[in-house]
Amino acid sequence: MLKNQKIVIIGGSSGIGLETAKQLIGEGAEVIIASRSAHKVQQAAALLGPQASSLTLDTTVEDQVKAFFERVGRFDHLVVSAAETSGGPFLHTATDQARLLFDNKFWGQYYAAKYGAPYLSPEGSITLFSGVVAYKSMVGSSVLGAVNAAVSSLGQTLALELAPIRVNIVSPGIIDTPSRSKMPEEARRDLYAAVGGKLPVKRVGLAGDVARSVLYLIQNSFVTGTVLHVEGGHLLT
Ligand SMILES: NC(=O)c1ccc[n+]([C@@H]2O[C@H](COP(=O)([O-])OP(=O)(O)OC[C@H]3O[C@@H](n4cnc5c(N)ncnc54)[C@H](OP(=O)(O)O)[C@@H]3O)[C@@H](O)[C@H]2O)c1
């Protein structure tokens, strides 16, 4: 049980973060969810009920992240699932787009860890998000793969530097979340069927599959510096 535990989920208004908030609330925790869109994050908090509250935050803006944690104060666990990602062929990807990916997914998590850690309980934890393309090279994912690898490396070193606070990294495979809502529905279904069909588990992941792994990392006080792959066997293919 996580009763009386205050848990911050940056990126908690959608997908894996939102599902993690639901499961944590089920364990009795109080959650604070944050993301850029006030409308989205307030709507998600309303859906989650009285154990949830919301704040707006853009993790790419360092001063905002600092002020966010000053406002939150002491808390028990930090989850950073916030990211907006993109892909494309290396030679045809604008350098600015590549930098944006680092700004959003790498520097966002860096700022969150840096300004969140001083407010965390020594018995607490940080869970960062990497992703399968860091470990399984895929055409079109050169920059995202590099971002994810950088997050994993950062998190593992922080597990030493921020100890006794535990720091772990979740590396999801292909998960059906609103992150691909811009894709036409048919193309999305085809992608999930094609990728899922090649996996040992014969399906793509659900947000709840990954959320369960986040709960494990929060609750198991003997786990730190781990990159937990939640990918249906993708790395074996
Ligand atoms: N889904 C997959 O297949 C997959 C695969 C590998 C790794 N992952 C990783 O898993 C994590 C969660 O992904 P997901 O699929 O759950 O994504 P999602 O459904 O798109 O949710 C992402 C969340 O991050 C927030 N966000 C984005 N940029 C932000 C920023 N700069 N500051 C604050 N909040 C921000 C979004 O809300 P706002 O728009 O309101 O900001 C949203 O709540 C990400 O790190 C993603 O890269 C996902």
(message) Under 4.5 Å between side-chain heavy atoms, counting indirect links through other Ile/Leu/Val/Met/Phe/Trp/Tyr residues: same cluster for L48 and V72 or not?
(response) no
(message) Under the criterion side-chain contact (heavy atoms from CB on, under 4.5 Å), I'd like the reasoning laid out for D209 against R203: C-alpha separation, chi angles, the key distance, then a yes or no.
(response) CA-CA 12 Å; D209 296 323; R203 66 172 178 90; 2.9 Å; yes
(message) With a 4.5 Å cut-off on side-chain heavy atoms, are E186 and P184 touching?
(response) no
(request) Identify the heavy atoms of G131 and S171 that sit nearest to each other, and give their distance. (result) C-OG, 3.1 Å
(message) Rounded at 0.5 Å granularity, tell me how far NE2 in H39 sits from OG in S54.
(response) 12.0 Å
(request) Flag the pair V223 / L217 as yes when at least one side-chain heavy-atom distance between them is below 4.5 Å, and no otherwise. (result) yes
(request) Kindly give the heavy-atom pair with the smallest separation between S142 and F90, and that separation in Å. (result) OG-CD1, 3.7 Å
(request) Measure the spacing between CG of L18 and CD of Q43 and express it to the nearest 0.5 Å. (result) 10.5 Å
(request) Using modelled atom types only, decide if a donor and an acceptor are shared between the side chain of Q156 and the backbone of G225 within a distance under 3.5 Å. (result) yes
(request) Drop me the distance from D103's CG to Y111's OH, to the nearest 0.5 angstrom. (result) 7.0 Å
(message) Rounded at 0.5 Å granularity, tell me how far CG in N148 sits from OG in S153.
(response) 12.5 Å
(request) Give the cluster check for I175 versus Y192: same hydrophobic cluster or not, with ILVMFWY residues linked at side-chain heavy-atom distances below 4.5 Å. (result) no
(message) What I'd like to find out is whether the side chain of R99 reaches to under 4.5 Å of the side chain of T95, using heavy atoms alone.
(response) yes
(request) Determine the minimum heavy-atom distance between S81 and I9, stating which atoms define it. (result) OG-CG2, 4.3 Å
(request) Indicate yes or no for a side-chain donor-acceptor contact from Q109 to the backbone of L128 under 3.5 Å, with no hydrogens or angles considered. (result) no
(request) For the residue pair Y110 and W107, categorise the inter-ring angle as parallel (less than 30°), tilted (30 to 60°) or perpendicular (more than 60°). (result) perpendicular
(request) Answer yes or no: is there a side-chain heavy-atom contact under 4.5 Å between L24 and I218? (result) yes
(request) Give a yes or no on whether F69 and V167 share a hydrophobic cluster (residues Ile, Leu, Val, Met, Phe, Trp, Tyr; joining criterion: side-chain heavy atoms under 4.5 Å apart). (result) yes
(message) Regarding E231 and K136, does a basic nitrogen lie under 4.0 Å from an acidic carboxylate oxygen?
(response) no
(request) Find out whether V147 and F106 are in side-chain contact, i.e. whether some heavy atom of one side chain is under 4.5 Å from a heavy atom of the other. (result) yes
(message) When you compare the side chain of V132 with that of M138, does any pair of heavy atoms fall below 4.5 Å?
(response) yes
(message) Any non-hydrogen side-chain atom of F129 less than 4.5 Å from a side-chain atom of V79?
(response) yes
(request) Give a yes or no on this: more than 12 heavy atoms of other residues, nucleotides or ligands lie within 6.0 Å of atom CZ of R74. (result) yes
(request) Please tell me if the side chains of N168 and V170 come closer than 4.5 Å, counting only heavy atoms from C-beta onward. (result) no
(message) Whether the side chain of S121 engages the backbone of E123 through a donor-acceptor N/O pair (distance < 3.5 Å, no angle test) should be reported.
(response) yes
(request) Kindly compute the distance separating CD1 (I7) from CD (E27), expressed to the nearest 0.5 Å. (result) 9.5 Å
(message) Could you check whether Y115 and E70, counting side-chain N and O atoms only, form a donor-acceptor pair closer than 3.5 Å?
(response) no
(request) Indicate yes or no for a side-chain donor-acceptor contact from D76 to the backbone of K6 under 3.5 Å, with no hydrogens or angles considered. (result) yes
(request) Given side-chain contact (heavy atoms from CB on, under 4.5 Å), test H234 with V195 step by step and report yes or no. (result) CA-CA 9 Å; H234 205 140; V195 174; 4.1 Å; yes
(request) Could you label the plane-to-plane angle of the Y135 and H229 rings as parallel, tilted or perpendicular, counting under 30° as parallel and over 60° as perpendicular? (result) perpendicular
(message) Minimum heavy-atom separation for T93 and A98, please, with both atom names.
(response) CG2-N, 4.4 Å
(message) Regarding E185 and R189, does a basic nitrogen lie under 4.0 Å from an acidic carboxylate oxygen?
(response) yes
(message) Nearest 0.5 Å, please: how far is NZ in K22 from CG in L47?
(response) 5.5 Å
(request) Spell out, as yes or no, whether a donor-acceptor pair under 3.5 Å connects the side chain of H77 to the backbone of G124. (result) no
(message) Taking I16 as the starting point, is it possible to reach I169 by hopping between hydrophobic residues whose side chains are less than 4.5 Å apart?
(response) no
(request) Can you spot which of I126, L120, T157, T224 makes a side chain to side chain contact (heavy atoms under 4.5 Å, CB included) with L162? (result) I126
(request) Looking only at non-hydrogen atoms, find the nearest pair between A207 and T177 and report the distance. (result) CB-CG2, 4.4 Å
(message) Between L158 and V80, is there shared hydrophobic-cluster membership here, with clusters defined by ILVMFWY side-chain heavy atoms closer than 4.5 Å?
(response) yes
(request) Determine the minimum heavy-atom distance between L101 and E84, stating which atoms define it. (result) CD2-O, 3.9 Å
(message) Counting only heavy atoms from other residues, nucleotides and ligands, does the tally under 6.0 Å from NZ of K202 exceed 12?
(response) yes
(message) Pair V8, Y119 - check side-chain contact (heavy atoms from CB on, under 4.5 Å), show working.
(response) CA-CA 11 Å; V8 173; Y119 293 94; over 6 Å; no
